[in-house]
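A, B, ... follow the sequence lines: proteins, then strands. Residue 1 opens every chain.
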Amino acid sequence: MEKNVSLDDIVNIAKRRGLIFPSSEIYGGLAGFYDYGPIGFEIKRRIIDDWWWNFVISRDDVYGISPAIILSPAVWKASGHVDEFIDILVECTKCKSRFKAETLLEDLGIKISDFSMESIKNSLRDNNARCPKCGGELSEPRRFNLMVEAHVGAVKDESSVIYLRPEIAQGMFINFKLISAITGAKLPFGIASYGKVFRNEIAPRGFIFRLREFEIAEIEYFIDPDEQNSCEDFHEVDNIEIKIWTKEEQKRNLKPKERKLGDAYNEGVFSSMWHAYWVGESVKWLESIGLSPENLRLREHLETELAHYAKQTFDIEYYFPYFGWKEIVGIANRTDYDLRRHSKTSGEKLYLVKDGKQFFPYCIEPSFGIDRIFLAVITEAYTVREDGKVILRLHPKVAPYDAVIVPLLKRPEFIAKAEEINRMLKRERLATYVDVSGRVGKAYVKADEFGVPYAITIDHETFENDTVTIRFRDTREQIRVPITELPIRIRELSKTTV
RNA sequence: GCGCCGGUAGUCUAGUGGAAGGAUGCCAGCCUUCCAAGCUGGUGACGCGGGUUCGAAUCCCGCCCGGCGCACCA
């Protein structure tokens, strides 16, 4: 088996097998937007389903919600997002016209070697640049908002501007008080959600790695600031071993060090025990959907990288053979930043009371980039067999189908039997389909590329004793089982094999 | 957003000024076979728009999309 997969290989299978492809393609495409096809969407949906099961349903302390994509612009002003900029803009202090720094410098005939904030600032000052419209004084260069703007209502002016959310978190913070009142949840507890978010990236890049519309799954987990280091379930993660790259190690050019989370916590690597716990839970889940531990590492954000709301953030990075180490999950300690800001701005009492004292809970935020995780899962699963055939060795729980049903011959009785078994398995809530290519080899190869873990074949013996064979995707071995046992056998196999 | 390179069927690819070809996939049929390999037929492409030319997939310009580098990255 070979494993040196390139991005071209992934793009190719994605297109050829209906996983994912450029959006609006018949009109030339639109940078930063991709459509998931039948197979890709099933895989993605199952990743999300498993995430939801693992982080919401299987726990008693996390409540799932689905807040609106569009929130009041006041939310984004309070959260600090409106004041966070990325493209470099300068504004005239007199007439309020806005100019892109690059264009402005060009128009003024100022040559510049690089467009960093620093050199733009310097050259504007050194050349004593003034507003080209009114000659007024220019503001310091600032970075332009990466939120996607739209308008609601009949009038399209400043007052009708709204933003498409760049993160889901705010929809959870603004509902914090309501959720805690409705559920009666006591600290510590979390709110979770997943869905589309939008960011006006300057340069979408790397297939589906940097998108303008993408899916994230987030948990905002609230803890008592006095209890940050008492996490009863920490023993469930303290033995997890992972490469950790602290900010000090990065600054000193040291390599990441393999550590147990418990040891790292004791060394003081994490901002709190709860922070370490959520790192552990996140790593556990990523491994459970098929990402190898050796391809995962933890990298602490340097001070300069920290978001405006974060005290400490760890990225879980995945080693993509064609990109190197890249972030797929971020786990931030947002402290009480958001609840405090919303409380102050809205006037609502988003604090809790303990022993007669008001306080704002601290928040740990694991944030999963679903499209990046999808790409990692596909990349990890992509395998070329000795005979040159491609298989996606997906974990059964994230495979697009549970099984394919293949009639050995393209005869009416074989096809009828296949359809009968298909209906039976669907009644058992298994995701199956019939492949009537008429050549089993073809059906197997196609299913292997889809990542379908099992192929059920109807052969001559089926008509003699009501048995079929189950073929394993990864080994091509077959076992024979009675038709009546299929649902239970497929379920059992999905739990115990990969 | 800047710079460099690129864009021919679903996929891979030939064609560099003079009839767009192949492989594979896909569809229909034959064959009735346990890992894409037999036979017959069929569908299917020059990213978009302008220009040069008798004639453009080919040369020029603009745009779109992609890769890489820079920048940026909540």
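The interatomic distance linking I13(A) (CD1) with G10(B) (P) rounds to 18 Å, in whole Å. Rounded to whole angstrom, the span from the NZ atom of K15(A) across to the P atom of C12(B) amounts to 8 Å. As a whole-Å value, the separation of H308(A) NE2 from A74(B) P is 10 Å. Computed from coordinates, the R212(A) CZ to C64(B) P distance equals 11 Å when rounded to whole Å. The separation between N12(A) atom CG and G7(B) atom P is 17 Å, rounded to whole Å. Between the C1' atom of C73(B) and the CD atom of E317(A) lies a distance of 13 Å, rounded to the nearest Å. Rounding to whole angstrom units, CD of residue E25(A) and C1' of G7(B) are separated by 12 Å. In this structure, L19(A) places its CG atom 14 Å from P of U11(B), rounding to the nearest Å.
Nearest to the side-chain atoms of R210(A) among the listed nucleotides A71(B), C34(B), U32(B) stands A71(B).
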Quiz item: Could you write nucleotides 35-45 of chain B as a row of B, S and -, 5' to 3', where a protein heavy atom under 4.0 Å of any base atom gives B, of only sugar-phosphate atoms gives S, and otherwise -?
Solution: BBSB-------
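Annotation: ring-ring contact (aromatic ring centres under 6.0 Å, His included) contacts of Y221(A) (sequence neighbours excluded): W274(A), W278(A). For P38(A), there are no side-chain contact (heavy atoms from CB on, under 4.5 Å) partners, not counting sequence neighbours. When the side-chain hydrogen bond (donor to acceptor under 3.5 Å, both in side chains) test is applied to R165(A), no partner is found at least two apart in sequence or on another chain. Residues passing the side-chain hydrogen bond (donor to acceptor under 3.5 Å, both in side chains) test with E305(A), sequence neighbours excluded: R299(A). Every residue two or more places apart in sequence or in another chain that forms a side-chain hydrogen bond (donor to acceptor under 3.5 Å, both in side chains) with S367(A) is listed here: E218(A). Under the rule for a side-chain contact (heavy atoms from CB on, under 4.5 Å), the partners of P453(A) that lie at least two apart in sequence or sit in another chain are P396(A), A399(A), R473(A). Partners of S271(A) under the side-chain hydrogen bond (donor to acceptor under 3.5 Å, both in side chains) rule, at least two apart in sequence or in another chain, are H275(A), Q312(A), N333(A). Here R480(A) pairs with D459(A), E461(A), T467(A), T469(A) under the side-chain contact (heavy atoms from CB on, under 4.5 Å) rule; sequence neighbours left out. Under the side-chain contact (heavy atoms from CB on, under 4.5 Å) criterion, Q170(A) pairs with L71(A), V75(A), W76(A), S79(A), H81(A), E167(A), F173(A), R334(A), D338(A), H342(A), sequence neighbours left out.
The existence of a salt bridge linking E248(A) and K251(A) is excluded, since no basic side-chain nitrogen approaches an acidic carboxylate oxygen closer than 4.0 Å. Ion pairing of E449(A) with K446(A) is absent here, as no side-chain N (NZ or NE/NH1/NH2) approaches a carboxylate O to less than 4.0 Å.
Spacing of C1' atoms, C46(B) relative to G7(B), comes out at 10 Å, to the nearest Å. Spacing between A71(B) and C65(B) at atom P, rounded to whole Å, works out to 23 Å.
With the nearest nucleotide of RNA chain B identified for both A307(A) and P22(A), P22(A) has the one nearer the 5' end.
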Self-check item: Pair pattern of RNA chain B in dot-bracket, where unpaired bases get dots and | marks partners in another strand, Watson-Crick or G-U under 3.5 angstrom
Solution: (((((((..((((....[..)))).(((((.......)))))....(((((..]....))))))))))))....
Taking only nitrogen or oxygen atoms into account, show me every contact under 3.5 Å that the protein makes with nucleotides 66-69 of chain B, one pair per line with its distance.
residue: G67(B); atom: OP1; partner: G206(A); partner atom: N; Å: 3.3
residue: G67(B); atom: OP1; partner: F207(A); partner atom: N; Å: 2.8
residue: C68(B); atom: N4; partner: R205(A); partner atom: NH2; Å: 3.3
residue: G69(B); atom: O6; partner: R205(A); partner atom: NH2; Å: 2.9

